[in-house]
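Numbering of residues begins at 1 and proceeds along the displayed sequence. Both counts, for ligands and for their atoms, begin at 1 and track the order of listing. Side-chain atoms are counted along with the backbone in the values below, which use heavy atoms only and exclude waters and symmetry mates. If you're wondering where the values come from, they're calculated on a predicted model, not measured in any experiment.
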Amino acid sequence: MSKTILVYATRWGATTETAREIIKVLKEKFGIDVDLVNLKDKNNETNRNPDISSYDNVILGVSYAKFNWAKEGMNFLKKNKEKLKNKKLFVFISSARCGGAWQSRNYEKHEELQKKFIDRKLEKVGVQFTSRRGFGGYYINQPPDKAETRDWNMIRAWAEEIGEIINSG
Ligand SMILES: Cc1cc2nc3c(=O)[nH]c(=O)nc-3n(C[C@H](O)[C@H](O)[C@H](O)COP(=O)(O)O)c2cc1C
């Protein structure tokens, strides 16, 4: 049985909720247990610098705002660049703009933003991924729906894609 960890860096919480949904699908549909680690955990130094040596699969979730990743996500990649070479890496971001493009069915724009907001970041560090997805997020100060742009079906579908890959070895 391979081992899976999901590490994440959020600013306002969307990434945490998305991470929990992915974990739920992996457990319920595929029987995969996932260790969840908050890279911004103020009370736990081990969580801020997780040792991923024993894991086969790494899922990284990052908040995208102010035209950039939450810095802890990038630091994680830089620190673990060598170790990640032998693992399957899955990356998602929470980006209101990505979610907005998807919601308005502008799939071309969505792909363009995924390339810009995810692929280029990984290329810069020199890390390869198995799969990646640009999900939506929300603007916490915009009630009543916080300008939510996430599509939960899209999130669940990606979790299923990951589950298939992990279970196929
Ligand atoms: C100050 C601020 C700046 C933002 N800048 C961007 C941006 O540049 N691009 C984008 O797609 N979304 C942007 N967003 C929306 C975020 O993607 C959204 O809040 C998302 O939920 C962030 O993930 P988190 O909730 O896990 O922190 C911004 C939100 C705020 C509050």
With a 4.0 Å cut-off on N to O distance, would you call Arg156 and Glu160 a salt bridge?
no

Electrostatic pair Glu111-Arg132, nearest N-O below 4.0 angstrom
yes

Output a table of donor-acceptor pairs, distance under 3.5 Å, between side-chain atoms of residues 143-150 and any protein atom two or more places apart or on a different chain; print 'none' if there are none.
residue: Asp145; atom: OD1; partner: Ala147; partner atom: N; Å: 2.9
residue: Glu148; atom: OE1; partner: Arg150; partner atom: NH2; Å: 2.9
residue: Glu148; atom: OE2; partner: Arg150; partner atom: N; Å: 2.8
residue: Glu148; atom: OE2; partner: Arg150; partner atom: NE; Å: 2.8
residue: Thr149; atom: OG1; partner: Ala96; partner atom: O; Å: 3.4
residue: Thr149; atom: OG1; partner: Gly137; partner atom: N; Å: 3.0
residue: Thr149; atom: OG1; partner: Gly137; partner atom: O; Å: 3.2
residue: Arg150; atom: NH1; partner: Ala14; partner atom: O; Å: 3.1
residue: Arg150; atom: NH1; partner: Glu17; partner atom: OE1; Å: 3.0
residue: Arg150; atom: NH1; partner: Thr18; partner atom: OG1; Å: 3.4
residue: Arg150; atom: NH2; partner: Glu17; partner atom: OE1; Å: 2.7

With sequence neighbours left out, the residues meeting salt bridge (Lys or Arg N to Asp or Glu O under 4.0 Å) with Glu72 are none

Counting only heavy atoms not in Gln128, do more than 12 sit closer than 6.0 Å to its CD atom?
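Not buried by this count: 12 neighbours or fewer within 6.0 Å.
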
Can you list every pair where an N/O of ligand 1 is under 3.5 Å from an N/O on the protein?
residue: ligand 1; atom: 5 (N); partner: Lys66; partner atom: N; Å: 2.8
residue: ligand 1; atom: 8 (O); partner: Lys66; partner atom: N; Å: 3.4
residue: ligand 1; atom: 8 (O); partner: Phe67; partner atom: N; Å: 2.9
residue: ligand 1; atom: 11 (O); partner: Ser95; partner atom: OG; Å: 2.7
residue: ligand 1; atom: 11 (O); partner: Ala96; partner atom: N; Å: 3.4
residue: ligand 1; atom: 11 (O); partner: Arg97; partner atom: N; Å: 2.9
residue: ligand 1; atom: 14 (N); partner: Tyr139; partner atom: OH; Å: 3.4
residue: ligand 1; atom: 17 (O); partner: Tyr64; partner atom: O; Å: 2.7
residue: ligand 1; atom: 17 (O); partner: Ser94; partner atom: O; Å: 3.4
residue: ligand 1; atom: 17 (O); partner: Ala96; partner atom: N; Å: 3.0
residue: ligand 1; atom: 19 (O); partner: Tyr138; partner atom: O; Å: 2.5
residue: ligand 1; atom: 21 (O); partner: Tyr138; partner atom: N; Å: 3.0
residue: ligand 1; atom: 21 (O); partner: Tyr138; partner atom: O; Å: 3.3
residue: ligand 1; atom: 23 (O); partner: Ser63; partner atom: OG; Å: 3.3
residue: ligand 1; atom: 25 (O); partner: Gly13; partner atom: N; Å: 3.3
residue: ligand 1; atom: 25 (O); partner: Ala14; partner atom: N; Å: 2.9
residue: ligand 1; atom: 26 (O); partner: Thr10; partner atom: OG1; Å: 2.6
residue: ligand 1; atom: 26 (O); partner: Ala14; partner atom: N; Å: 3.4
residue: ligand 1; atom: 26 (O); partner: Thr15; partner atom: N; Å: 2.9
residue: ligand 1; atom: 26 (O); partner: Thr15; partner atom: OG1; Å: 2.5
residue: ligand 1; atom: 27 (O); partner: Thr10; partner atom: OG1; Å: 3.4
residue: ligand 1; atom: 27 (O); partner: Arg11; partner atom: N; Å: 2.7
residue: ligand 1; atom: 27 (O); partner: Trp12; partner atom: N; Å: 2.8
residue: ligand 1; atom: 27 (O); partner: Ser63; partner atom: OG; Å: 2.8

Ser54: side-chain contact (heavy atoms from CB on, under 4.5 Å) partners, not counting sequence neighbours:
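For Ser54, the residues satisfying side-chain contact (heavy atoms from CB on, under 4.5 Å) (neighbours in sequence not counted) are Lys3.
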
